[in-house]
Amino acid sequence: RAEAGKQLNPPVSARQIQEYIKIAKLFVPGFEHFRKCPNAPIKEIHIPVLQKIREYVIKTNSLIQARVMIAEEYGTRKN
């Protein structure tokens, strides 16, 4: 997680990456496996979505608002 955090611009901590994954696994296709296996490895294909969440957090200065923006972009929660 720390390594993935370093790939974002600006870099974030492993704890922050985990918060971004919590958002992504609710709405973004390709993150479903994090629901069953929270410690699944982060792959290169996940980085662009995590970066997008990072940019929304910076833009809104709010993790909650970033979650709303991701929900609007990708649709409602996938079950």
Side-chain angles (χ1 to χ4, degrees):
R1 307 256 184 256
E3 193 60 39
K6 292 177 187 176
Q7 293 182 38
L8 300 187
N9 184 21
V12 297
S13 68
R15 177 178 236 154
Q16 197 62 41
I17 284 288
Q18 193 61 39
E19 291 300 316
Y20 297 171
I21 289 172
K22 285 181 184 179
I23 294 171
K25 71 183 181 180
L26 293 175
F27 306 106
V28 183
F31 281 80
E32 299 88 358
H33 65 284
F34 287 104
R35 291 185 210 155
K36 292 181 182 173
C37 186
N39 293 321
I42 298 171
K43 299 179 181 174
E44 283 296 319
I45 62 169
H46 298 124
I47 299 299
V49 171
L50 297 173
Q51 180 64 47
K52 183 179 289 189
I53 295 170
R54 176 73 178 134
E55 290 167 5
Y56 288 163
V57 168
I58 291 170
K59 180 179 179 180
T60 64
N61 201 28
S62 167
L63 199 57
I64 293 170
Q65 284 297 31
R67 179 180 172 164
V68 169
M69 293 172 83
I70 288 293
E72 288 173 352
E73 185 170 338
Y74 288 95
T76 58
R77 181 179 179 151
K78 312 283 189 230
N79 291 324

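Just so we're clear, the structure is a prediction, and the values are computed from it rather than from any experiment.
Of all heavy-atom pairs between Phe27 and Tyr74, the closest is O-CB, 3.4 Å. Of all the heavy atoms in Ala24 and Phe31, the pair that sits closest is CB-CD2, 3.5 Å.
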For Met69 and Lys59: C-alpha separation, side-chain torsions, deciding distance, then whether side chain to side chain contact (heavy atoms under 4.5 Å, CB included) applies.
CA-CA 11 Å; Met69 293 172 83; Lys59 180 179 179 180; 4.2 Å; yes
Is there a side chain to side chain contact (heavy atoms under 4.5 Å, CB included) between Leu63 and Ile23? Walk through the geometry before answering.
CA-CA 9 Å; Leu63 199 57; Ile23 294 171; 3.8 Å; yes
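Put simply, CD on Glu32 and CG on Leu26 are 11.0 Å apart, with the number rounded to the nearest 0.5 Å.
Here salt bridge (charged side-chain N to carboxylate O under 4.0 Å, His left out) pairs that include residues 9-24, with residues two or more places apart or in two chains, are Glu19-Lys22.
Using a 4.5 Å heavy-atom threshold, the side chains of Phe34 and Ile42 count as touching. Residues Gln18 and Arg1 are in side-chain contact: their nearest non-hydrogen atoms beyond the backbone lie under 4.5 Å apart. Residues Ile17 and Leu8 meet the side-chain proximity criterion, which asks for heavy atoms closer than 4.5 Å.
By the side chain to side chain contact (heavy atoms under 4.5 Å, CB included) test, Ala2 is found to be paired with Ala14, residues two or more places apart in sequence or in another chain being considered. Scanning for salt bridge (Lys or Arg N to Asp or Glu O under 4.0 Å) contacts around Lys6 gives an empty result, with sequence neighbours left out.
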Atom pairs and distances, side-chain donor-acceptor, residues 44-54, under 3.5 Å, sequence neighbours left out:
{"residue": "His46", "atom": "ND1", "partner": "Lys43", "partner atom": "N", "Å": "2.9"}
{"residue": "His46", "atom": "NE2", "partner": "Gly30", "partner atom": "O", "Å": "3.3"}
{"residue": "Gln51", "atom": "OE1", "partner": "Asn9", "partner atom": "N", "Å": "2.8"}
{"residue": "Gln51", "atom": "NE2", "partner": "Asn9", "partner atom": "O", "Å": "2.9"}
{"residue": "Gln51", "atom": "NE2", "partner": "Glu55", "partner atom": "OE2", "Å": "3.3"}
{"residue": "Lys52", "atom": "NZ", "partner": "Glu73", "partner atom": "OE2", "Å": "2.5"}
{"residue": "Arg54", "atom": "NE", "partner": "Pro10", "partner atom": "O", "Å": "3.3"}
{"residue": "Arg54", "atom": "NH1", "partner": "Tyr20", "partner atom": "OH", "Å": "3.2"}

